[in-house]
Amino acid sequence: MLGFRRKCSATRTRCRAAVETVGPYRGSAAVLFGPVRRAQTWTFSVRRVCVVAEFVRVPGRVLHSRQRMMRFMLLFSRQGKLRLQKWYTATAERDKKKMVRELMQIVLARKPKMCSFLEWKDLKIVYKRYASLYFCCAIEEQDNELITLEVIHRFVELLDKYFGSVCELDIIFNFEKAYFILDEFLMGGEIQDTSKKSVLKAIEQADLLQEEDESPRSVLEEMGLA
Amino acid sequence: MRCLLSFFVCVWQNMPAPIRLRELIRTIRTARTQAEEREMIQKECAAIRSSFREEDNTYRCRNVAKLLYMHMLGYPAHFGQLECLKLIASQKFTDKRIGYLGAMLLLDERQDVHLLMTNCIKNDLNHSTQYVQGLALCTLGCMGSSEMCRDLAGEVEKLLKTSNSYLRKKAALCAVHVIRKVPELMEMFLPATKNLLSEKNHGVLHTSVVLLTEMCERSPDMLAHFRKLVPQLVRILKNLIMSGYSPEHDVSGISDPFLQVRILRLLRILGKGDDDSSEAMNDILAQVATNTETSKNVGNAILYETVLTIMDIKSESGLRVLAINILGRFLLNNDKNIRYVALTSLLKTVQTDHNAVQRHRSTIVDCLKDLDVSIKRRAMELSFALVNGNNIRGMMKELLYFLDSCDPEFKADCASGVFLAAEKYAPSKRWHIDTIMRVLTTAGSYVRDDSVPNLIQLITNSVEMHAYTVQRLYKALLDDISQQPLVQVASWCIGEYGDLLISGQCEEEEPIQVTEDEVLDVLEGLLVSNLSSPVTRGYSLTAIMKLSTRFSSVNRIKKVVSIYGSSIDVELQQRAVEYNALFKKYDHMRPALLERMPIMEKTASNGPTEIVQTNGEAEPSVVEPKHLPPVGQPASQGNDLLDLLGGNDVPVIPTTMPTKPASAGGELLDLLGDLSLGGPAPAPPAPASQPPFLLDGLSSQPLFNDIAAAGIPPMTAYNKNGLKIDFTFERANPNPNVAVITIHASNSTEADMTDFVFQAAVPKTFQLQLLSPSSNVVPALNQGTVTQVIRVLNQQKQQLRMRIKLTYIHKGSAVQDLAEVNNFPPQSWQ
């Protein structure tokens, strides 16, 4: 027991160190120095602005502070109720709530004739309304907004096929199924499979597997009740 | 409701089975108020907690699912985290499915339970059922911490090599996540990538392209390595666009647009900055650009990606024009999303392909009239980017029209855009003044504060336009006194050039005939108007005062001024009292003091340099304005600046390079930090002749270098390839936390080092400021040194560490080097 606990705390410190080493990658100039060994952010102060420009465009080096991917996907209703949330980057619970609230306000306030994109903080928000539900994705600067609309549409099609003309209630009462479909379609913010058929097949088979181990239990349940 | 609640509470108490998830959802949905909902949830949470405590295995899954629902409603659910882990460890697929879902929703990367989870995931990755393996991969790929990724990367790599495409595609995306978390594990996946592109399954193909993209973006070596895949990628793309209808991957008549977009993006990365690869993909890009069906969004998504690729790689000029034309076509599209995308991308390319974008100017300007605000905003930004010396008159006409009619949210940005463009490309002074006045009349309340001093400065400098300007402004004032910036400029000008207004001499326009009393009526009207702000009143009182030497009706002016001697507004009262004193005690000085303002020198846009330059020695220039009554804006601005210098304890160090005073202004202002400056102020009346004198004084004063070595021993920070950099130290200034380091760069080789740039970085706890170098050439054979001063603010007195970066050109080749300096003498930071 003691040994286990010690191991646990060792991991904790290691984890923390790991988080800190990742930290500086989000900074600006630090990245230029390749892997940062110390948990310190180096802020470069450069005398002349023109130098900064030269400095950033160092040939042969690739800046990898940016991650190209979907950051999160939200489904919420016209009334501002969250129906589904999927985060693809680690975010603290409090920040998530704050971002969801802010974003819902902004999107719900937009008029129907406006376009489906908006710039929000350092992200691009792509949203589309289907009946009473808003599907909303946050993507990065370099991502393709138009194909993101297609991703949203594909997800709606999958839900529709699975539930048989889906409506908001289906998603409310079967939210876990909606998550399963999303996880079978997207992973880490990227599309897993471009074929509708294979996504749905995987879901159906997993459902079958679930039924298999549920059926004996329901008998037990009845017996317990009796 | 109450009875329903009590019912389910008693159901819970009497019977072991907790209510089902759907029932809970139904019950919660019946709540009519937030409070009612909260009460229900609290009850249910209590039940779930006690069930968790009893280690009930049968209903754990159900309870966690309910918890997830409550979590989505925004209620705390952290107490379910460990239960998720227990579910994952269960043998049942249902439990695992909910357990992993719960883990993804409730845990994030910072949780300590991760260690427990790593083992479960490891087991499940080796499970016999692919769906269990899939769940484990998905969870790892969504929330795996770097620690977890390190531990499990081996398993992921193994799964990436299986023949099972269901697992392979998930493993590929999982590898992407691993690489994002722990970049040094990238090499591990390199062997597995070998056969990925020959795969037929589109899922695997798509995820492989994502994986390759990730690797190329993270490492230049990988990028070089994968360039050889270009022909293969081109072939896949060609097959996609040439192949007939395939129902499985078809999206409105286009074969697998998702894969196409991904491949195009990878091509973009591979082709960037590489001639051969770019050459190899030119044809296919042209093919995609011309053959893609554009009636639907999907087609446009592909075209958009193609355009981005064409712009980024070293493509042929014909292809680039084709790309810009595609964007031009997008601008005419009915779909607002596509118009938006077009404007954003044109904005990105306007710097590189200015002329090609210029061709679509009229379409872009038309987008200013779009109903969608996002499009309007983009169109506005793009229009400003397209303004140049040739089209400024036409473009400004459109933009001023836009300024008239646009929503208030645009006015501020549009106004400052017009100012900038006018300053840069104005065809004539008169046009410039007209344009700014037009902005002030239409959007006066939205312009930035510094536009008033800017315009005043512009007007004073165009001597021949004074009469014209003052007449125009007077007319504008008669029309509307609600636009404060305009009123302020007008008051100032009437005060300065009142005589020109009365004389009615104006060559440019039909002169207006006004009497002195009419002018004074207008100015007094401003003083009493409810529309006027206190600042405006100040301007107008000063203007009236100035007119006392230009007009004959001195008595009337005396009267007005004395009335405001008892004004409630302190600022106004002070002005009035001082002016009054001027009338009474110093009447002989009055004409000289109220002289017309001298022509102002153009100050750097971030502040009045010369005043900051003079440091503590600015005293002389203070004294004079203090004897003077504050003559309108300029004098009081001067005082502000001096207050600012006096009241701040950060020592202002004069730069070592007095020859470049203009560039120092910004830095020094940065140093002064959060003190707000009222924009570039007109210089105070007197010191016009002083800056040179003060600077002369400075350059003869001993600089730190001479006294530096006194306390702290110097050190050599860098000595390589003939370039030697020594540091000398100095901390004799008022703030002991600031270390002043002077670098001396010398060159022992036989050739000069040109374009020498020294940069330094310190850890976050320090603050660093680099002043100008004495030169950018380090002369050969130690014939001289380049010096540069670094100031380091070390609040916490920590050991000083620094990274330095050097770039220079030596014998025609660019040299760049980095070094870390850790051996600072302790005296330099203690």
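Hydrogens, waters and symmetry mates are skipped; everything else that's a heavy atom, side chains included, is used.
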Please identify, among [options], the residue contributing the most non-hydrogen atom pairs under 4.5 Å to chain B.
options	result
A:C115, A:S116, A:G188	A:C115
A:E119, A:E157, A:Q85, A:K86	A:E119
A:D207, A:V199, A:V100, A:T148	A:D207
A:F180, A:Y179, A:W87	A:F180

Counting heavy-atom pairs under 4.5 Å to chain A, which of [options] comes out on top?
options	result
B:Q91, B:H71, B:Q130	B:H71
B:K170, B:Q767, B:H249	B:K170
B:V298, B:N300, B:L371	B:V298
B:T139, B:I375, B:L105	B:L105
B:L137, B:D256, B:T207	B:D256
B:C138, B:G141, B:A172, B:P247	B:C138

Working to the nearest 0.5 Å, report the span between [atom1] of [X] and [atom2] of [Y].
X	Y	atom1	atom2	value
B:L101	A:E176	CG	CD	8.0 Å
A:K81	B:L73	NZ	CG	7.0 Å
B:T94	A:E211	OG1	CD	9.5 Å
A:L182	B:M104	CG	CE	9.0 Å
B:K92	A:L209	NZ	CG	13.0 Å
A:D183	B:L135	CG	CG	8.5 Å

TODO: Show the numbers, then the answer: is there a side chain to side chain contact (heavy atoms under 4.5 Å, CB included) between B:R22 and A:N174?
DONE: CA-CA 8 Å; B:R22 322 276 173 233; A:N174 300 289; 3.7 Å; yes

Can you tell which part of [X] gets under 4.5 Å to a heavy atom of chain A, answering side chain, backbone, both or neither?
X	value
B:Y100	neither
B:K348	side chain
B:M148	neither
B:Y131	side chain
B:V210	side chain
B:T129	side chain
B:R26	both

Open item on the list: Please enumerate all residues that pass side chain to side chain contact (heavy atoms under 4.5 Å, CB included) together with B:D250, with sequence neighbours excluded.
Closed with: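 Result, side chain to side chain contact (heavy atoms under 4.5 Å, CB included) vs B:D250: B:Y245.
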
So, [X] side chain and [Y] main chain: donor-acceptor pair closer than 3.5 Å or not?
X	Y	result
B:N297	A:L146	yes
B:H206	A:I191	yes
B:K169	A:D193	no
A:N144	B:Y304	no

Of all heavy-atom pairs between [X] and [Y], which one has the smallest distance, and what is that distance?
X	Y	answer
B:R97	A:A206	NH2-CB, 3.6 Å
A:R110	B:D372	NH2-OD1, 4.5 Å
A:M187	B:C174	CE-N, 3.6 Å
B:G74	A:K97	O-NZ, 3.0 Å
B:Y340	A:F117	CD2-CD1, 3.2 Å

Task: A:F175 vs B:L21 side-chain heavy atoms within contact, under 4.5 Å - done: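 SC-SC contact between A:F175 and B:L21 confirmed.
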
Open item on the list: Is there a side-chain contact between A:S195 and B:H202 in this structure, where contact means two heavy atoms from C-beta onward sitting under 4.5 Å apart?
Closed with: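 Sidechains of B:H202 and A:S195: no contact.
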
With a 4.5 angstrom heavy-atom cut-off, could you sort out which part of [X] is near chain B: side chain, backbone, both or neither?
X	answer
A:K197	side chain
A:R83	both
A:K111	neither
A:L75	neither
A:V151	both

Task: From CA spacing to verdict: salt bridge (Lys or Arg N to Asp or Glu O under 4.0 Å), A:K113, B:D370 - done: CA-CA 11 Å; A:K113 62 181 177 223; B:D370 207 290; over 6 Å; no

- [ ] Please determine, by modelled atom types, if B:Y166 and A:E184 share a side-chain donor-acceptor pair under 3.5 angstrom.
- [x]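 There is such a pair (donor and acceptor under 3.5 Å, judged by atom type) between the side chains of B:Y166 and A:E184.
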
- [ ] For the pair B:V251 and A:K196, evaluate side chain to side chain contact (heavy atoms under 4.5 Å, CB included) and give the outcome as yes or no after the intermediate values.
- [x] CA-CA 10 Å; B:V251 180; A:K196 261 183 280 188; over 6 Å; no

Open item on the list: Can you tell me how the ring of B:F258 sits relative to the ring of A:F185, calling it parallel under 30°, perpendicular over 60° and tilted otherwise?
Closed with: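 Judged by the thresholds at 30° and 60°, the geometry between B:F258 and A:F185 is perpendicular.
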
TODO: Check salt bridge (Lys or Arg N to Asp or Glu O under 4.0 Å) between B:E305 and all other residues, then give those that pass, not counting sequence neighbours.
DONE: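 In terms of salt bridge (Lys or Arg N to Asp or Glu O under 4.0 Å), with neighbours along the sequence ignored, B:E305 is linked to B:R265, B:R268.
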
Open item on the list: Regarding B:R180 and A:E190, does a basic nitrogen lie under 4.0 Å from an acidic carboxylate oxygen?
Closed with: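 Answer for the salt bridge query: yes.
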
Open item on the list: Atom NZ of residue position A:K161 - does it have more than 12 heavy atoms of other residues, nucleotides or ligands inside 6.0 Å?
Closed with: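 Counting other residues, nucleotides and ligands, NZ of A:K161 stays at 12 neighbours or fewer.
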
Task: NZ (A:K177) with more than 12 external heavy atoms under 6.0 Å - done: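 Yes, enclosed.
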
Open item on the list: Set out, in order, the CA-CA distance, both residues' side-chain angles and the distance that settles side chain to side chain contact (heavy atoms under 4.5 Å, CB included) for A:E145 and B:N337, then state yes or no.
Closed with: CA-CA 9 Å; A:E145 298 98 328; B:N337 292 336; over 6 Å; no

